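Working notes, beginning with the structure itself.
Please read all numbers here as calculations on a predicted model, not as lab measurements.
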Amino acid sequence: PQHPFWRNNETQLVAYALDGFPIFGPTAAALDACNGRFVRGQYQYHVVQSPAEVDLRRPYCAAGNAVNWNFVLGCYHGSTSSTRLERDTG
């Protein structure tokens, strides 16, 4: 059986990437090298339809900043330079 993560639909918010753009469930729409697209003028990422779509026989790195093993992100569309990571003290 499929893991529930892969059964999300394209309007289901899954997470936010380090560049601040949202990550949604799988879509049948064409995606760019970063696994994203513009919807109503706003950029968003999508997870792949199925882990089987990712060809692990290909080299990890693709042209530019993209990766071939893009289960979630192939690269960042936006900048991560102002992203701050903090330790959870809770």
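At least one donor-acceptor pair closer than 3.5 Å links the side chain of Tyr45 to the backbone N or O of His77.
Using modelled atom types and a 3.5 Å distance limit, the side chains of Tyr43 and Asp19 yield no donor-acceptor pair.
When side chains are defined from C-beta on, His46 counts as touching Phe24, because their heavy atoms get closer than 4.5 Å.
Put simply, Val39 and Ile23 are part of two different groups of oily side chains (I, L, V, M, F, W, Y) that touch within less than 4.5 Å, one to the next.
For Tyr16, the side-chain contact (heavy atoms from CB on, under 4.5 Å) criterion is met by Leu13, Pro22, not counting sequence neighbours.
Screening residues 35-47 for salt bridge (Lys or Arg N to Asp or Glu O under 4.0 Å) gives Glu10-Arg37 as the qualifying pairs, with residues at least two apart or on separate chains.
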